[in-house]
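Structure first, commentary second.
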Amino acid sequence: KVELHDIPKEVNYPQPETTSASTAAHWPITRYTQGTNGLSYQQLVIDLPTLSEEQLNLLPIYTLCLGELGAGDKDYLAMQTWQARVTGGVGASYSISCKKEDPNQLNARIILGSRALNHNHEAMSELIQFTLEQAKFTEGSRIKELIAQKRTAMEQRITGNGHALAMSAASSGLAPTAKIHHELNGLNGIIKTKQLADAITNDPTALESLQSALETLHAQLLKAPRRLCVISDPEYSETAEQEIIQQWQSHSEATDSGSFKAFEFPFSRNPQRSVWLTNTQVNFCAKSYPCVPYNHPDSPVLSVLASYLRNGYLHRTIREQGGAYGGGAGYANVAGLFRFYSYRDPRFIETLNDFDHSIQWLLNQPQEPQALEQAILSVISTVDKPGSPAGEARESYHLGLNGIDDTFRRNFRAKIVDVTLDDLQRVAQQYLANATEVSIAVVSQSSTWDALKGQIDLSATTV
């Protein structure tokens, strides 16, 4: 069998070949040389400025639209044709994460990226630049179509990914990133998307206001600091970097880093106790506890604790005995949160009690060293899970932007292997059994809630 001594002592992470800067704007350009089988990957990363609440709520819509609308003198169909001709598509996303030493300090960025065959790399650079600088938000019917598609996809997520939505809701009062995720892409985000879709369908002025707000947000982002990442195979890596520099030397918008004010999100801790009512025949239960930041010595222990409770107690009681499709625990290390969850669960209050019982089981029942070994191996298998060469480079790049360098990753990994049963019981007592700010969220249906609302103190919201 696989044992702890089988875990490799060393692990290698992709290293950037060089970091240079565009002579036009002095943007950092980071290059990775990987075995990409003739493909080149490019990401333009834009720092998010401080946004109003309305602008923050627009981020999912903005990133949805940026690569899907027309630009310059081209409509969205012409842009889609251009994308298909030279790339695998142009996509935009946003990333808001905590700093490893403090969950209340945030890094926030917009990412515009694509991939192409090496011989199309220069054309991809031109396409990304054109998409960013010439973006227009005048195609109202296309925007309505995209939002309608997003609404459908988000509604379908409730029954397919309800445990993640419940954990996000339970965590929203404990950490700023969890709050933002809940408001933008969680249960509150679903409600807001439905309201927006209805508003722009029924009121032409609402659509005009949305288009104007998107244009204003875009204008702010054009002036924000940027950086670029390129990933190519060894034969093309240096050429790809030079093509990027040449392309962006002629950029039309100059960034204004001197007056730039980095993204901030005022947050105060407010534990939640909520049930979210929707069209589902099963329940998704979650419980969240505030713990410690990523760089705390107990962070690796909490990672192993989640696996230990899942394998040793929660799987048996919630899935095998309780009849749920799944159940477990997880430690969100960057946000500093420990979370329990159940997936497609016929039970409600009983499962919430089982979360508590798992802590008492660990503290009061004899524990087996073999179970600890299995938990450590499970966590290491996740940490060491291989990805594609380009995917591993992207991961290293973005972790590095958040201050999580290779040395930190190696040290964290090494500490996982050293976790003991005493460590698990100590952190379970300190952060879970003694917790005073515990949040609960359950996704359920109205009939279930009507039968239970007298037995538990939760506030109800209809999704």
- Item | Derivation and outcome, side chain to side chain contact (heavy atoms under 4.5 Å, CB included), residues Thr239 and Asn118 | CA-CA 9 Å; Thr239 301; Asn118 286 340; over 6 Å; no
- Message: Taking the cut-offs as 6.0 angstrom to the six-membered ring centre and 45 degrees off its axis, would you call Lys223 and Phe260 a cation-pi pair?
- Response: no
- Which value, rounded to the nearest 0.5 Å, describes the distance between Glu126 atom CD and His121 atom NE2? 12.5 Å
Side chains of residues 289-297: which donor-acceptor partners sit under 3.5 Å, not counting sequence neighbours?
unit_1 : atom_1 : unit_2 : atom_2 : d
Tyr289 : OH     : Asp356 : OD1    : 3.4
His296 : ND1    : Asp298 : N      : 2.9

- Query: Any chance CD of Gln15 has more than 12 other-residue heavy atoms, nucleotides or ligands included, within less than 6.0 Å?
  - Reply: yes
- Message: Is it true that, when you exclude Lys1 itself, more than 12 heavy atoms of the residues, nucleotides or ligands shown sit nearer than 6.0 Å to its NZ?
- Response: yes
- Message: Does Glu238, at its CD atom, have more than 12 non-hydrogen atoms belonging to other residues, nucleotides or ligands within less than 6.0 Å?
- Response: no
- Message: Strictly distance-based, threshold 3.5 Å: is any side-chain N or O of Thr87 a donor or acceptor partner for the main-chain N or O of Gln83?
- Response: yes
Name every donor-acceptor pair, under 3.5 Å, that has one atom in a side chain of residues 393-400 and the other anywhere in the protein, sequence neighbours excluded.
unit_1 : atom_1 : unit_2 : atom_2 : d
Ser396 : OG     : Glu392 : O      : 3.3
Ser396 : OG     : Arg409 : NH1    : 3.1
His398 : NE2    : Gln43  : OE1    : 2.7

- Heavy-atom closest contact (Tyr236 atom, Ser40 atom, distance): CD2-OG, 3.8 Å
- Message: Would you say CD of Glu3 has more than 12 non-hydrogen atoms from neighbouring residues, nucleotides or ligands within 6.0 angstrom?
- Response: yes
- Message: Any heavy-atom pair between the side chains of Ile416 and Ile380 that's under 4.5 Å?
- Response: yes
Compile the donor-acceptor pairs under 3.5 Å between side chains in residues 152-164 and protein atoms, sequence neighbours left out, one pair per line.
unit_1 : atom_1 : unit_2 : atom_2 : d
Thr152 : OG1    : Ala148 : O      : 3.2
Glu155 : OE2    : Arg151 : NE     : 3.4
Arg157 : NH1    : Asn185 : O      : 2.9

- Spatial distance of atom OG (Ser172) from atom NE2 (His182) [nearest 0.5 Å]: 4.5 Å
- Item | Distance, nearest 0.5 Å, that separates CZ of Phe137 from CG of Leu214 | 5.5 Å
- Main-chain N/O of Thr131 paired with Gln134 side-chain donor or acceptor, under 3.5 Å: no
- Query: If only atom types and distance count, is the side chain of Arg142 paired as donor or acceptor with the main-chain N or O of Thr138 below 3.5 Å?
  - Reply: no
- Count the heavy atoms belonging to other residues, nucleotides or ligands that lie under 6.0 Å from OH of Tyr325, then report whether that count exceeds 12. no
- Item | Stepwise side-chain hydrogen bond (donor to acceptor under 3.5 Å, both in side chains) check, Gln246 with Glu122 | CA-CA 9 Å; Gln246 183 176 1; Glu122 187 173 6; 5.1 Å; no
- Query: With a 4.5 Å limit on heavy-atom distance, are the side chains of Leu184 and Leu56 in contact?
  - Reply: yes
- Does Leu196 reach the side chain of Lys192, with side-chain heavy atoms less than 4.5 Å apart? no
- Message: Keeping Gln272 on the side-chain end and Ser439 on the backbone end, is there a donor-acceptor pair under 3.5 Å?
- Response: no
- Message: Between Ser274 and Trp276, is there a side-chain donor-acceptor contact under 3.5 Å, judged purely by atom types and distance?
- Response: yes
- Compute whether any side-chain donor of one residue and acceptor of the other, for Asn37 and Asp233, lie under 3.5 angstrom apart. no
- Task: Please confirm whether the backbone N or O of Ile404 pairs with a side-chain atom of Asn402, one donor and one acceptor, at under 3.5 Å?
- Result: no
- Item | Step-by-step side chain to side chain contact (heavy atoms under 4.5 Å, CB included) determination, Ile128 to Phe130 | CA-CA 5 Å; Ile128 290 176; Phe130 189 86; over 6 Å; no
- Task: Measure the shortest side-chain to side-chain distance between Tyr94 and Ile111 over non-hydrogen atoms and say whether it is less than 4.5 angstrom.
- Result: no
- Item | Heavy-atom pair of closest approach, residues Ser303 and Tyr331 | OG-CD2, 3.4 Å
- Query: Between Leu228 and Gln42, is any pair of side-chain heavy atoms under 4.5 Å apart?
  - Reply: yes
- Over all heavy atoms of both residues, which pair between Ala390 and Ile231 is shortest? Give the atoms and the distance, please. O-CD1, 3.7 Å
- Query: Can you say whether the rings of Phe340 and Phe338 are parallel (under 30°), tilted (30 to 60°) or perpendicular (over 60°)?
  - Reply: perpendicular
- Taking everything shown except Arg310 itself, do over 12 heavy atoms lie less than 6.0 Å from its CZ? yes
- Using a 4.5 Å cut-off on heavy atoms from C-beta on, say whether the side chain of Ile191 contacts that of Gln195. yes
- Has Glu54 got more than 12 heavy atoms of other residues, nucleotides or ligands less than 6.0 Å from its CD? no
- Close aromatic pair by centroid cut-off 6.0 Å: Phe284 and Tyr341: no
Check: residues 70-77 side-chain donor-acceptor pairs under 3.5 Å, at least two apart:
unit_1 : atom_1 : unit_2 : atom_2 : d
Asp75  : OD1    : Leu77  : N      : 3.2
Asp75  : OD1    : Ala78  : N      : 2.8

- Quick one: list whatever passes side-chain hydrogen bond (donor to acceptor under 3.5 Å, both in side chains) with Arg269, sequence neighbours left out. Glu437
- Side-chain contact, heavy-atom cut-off 4.5 Å: Asp198 with Asp203? no
- Asn279 atom CG, over 12 foreign heavy atoms within 6.0 Å: no
- Query: Is there a donor-acceptor pair closer than 3.5 Å between any side-chain N or O of Thr177 and the backbone N or O of Ala335?
  - Reply: no
- Message: Ignoring hydrogens and geometry beyond distance, is a side-chain donor-acceptor pair present between Thr33 and Ser237 at under 3.5 Å?
- Response: yes
- Side-chain (Lys150) to main-chain (Ile61) donor-acceptor, under 3.5 angstrom: no
- Message: Treating Asn120 as the side-chain partner and Ala116 as the backbone partner, does any N or O pair qualify as donor plus acceptor under 3.5 Å?
- Response: no
- Query: Atom CD1 of Ile96 and atom CD1 of Ile110: how far apart are they, to the nearest 0.5 Å?
  - Reply: 8.0 Å
- Message: Closer than 4.0 angstrom, basic N to acidic O: yes or no for Glu215 and Lys136?
- Response: no
- Task: Return the minimal non-hydrogen interatomic distance between Val45 and Leu401, and the atom names on each side.
- Result: CG1-CD1, 4.3 Å
- Task: Sequence neighbours left out, what passes salt bridge (charged side-chain N to carboxylate O under 4.0 Å, His left out) with Asp47? Give chain and number order.
- Result: Arg109, Arg227
- Task: Taking the side chain as every heavy atom from C-beta outward, state whether Ile147 and Leu210 have any atom pair closer than 4.5 Å.
- Result: yes
- Query: Roughly how far, to the nearest 0.5 Å, is CD1 of Ile200 from OG1 of Thr205?
  - Reply: 11.5 Å
- Task: State, to 0.1 Å, how close Ala175 and Phe267 come at their nearest heavy-atom pair, and which atoms those are.
- Result: N-CZ, 3.3 Å
- Message: Tell me if a side-chain donor or acceptor on Ser381 pairs with a main-chain N or O of Ser378 at a distance below 3.5 Å.
- Response: yes
- Nearest-0.5 Å distance, CG of residue Leu48 to NZ of residue Lys261: 14.5 Å
- Message: Test your reading of the model: is there a side-chain donor-acceptor pair from Ser212 to the backbone of Ser209, 3.5 Å cut-off?
- Response: no
- Scanning both residues in full, the closest heavy-atom pair of Gln220 with Thr50 reads NE2-O, 4.2 Å
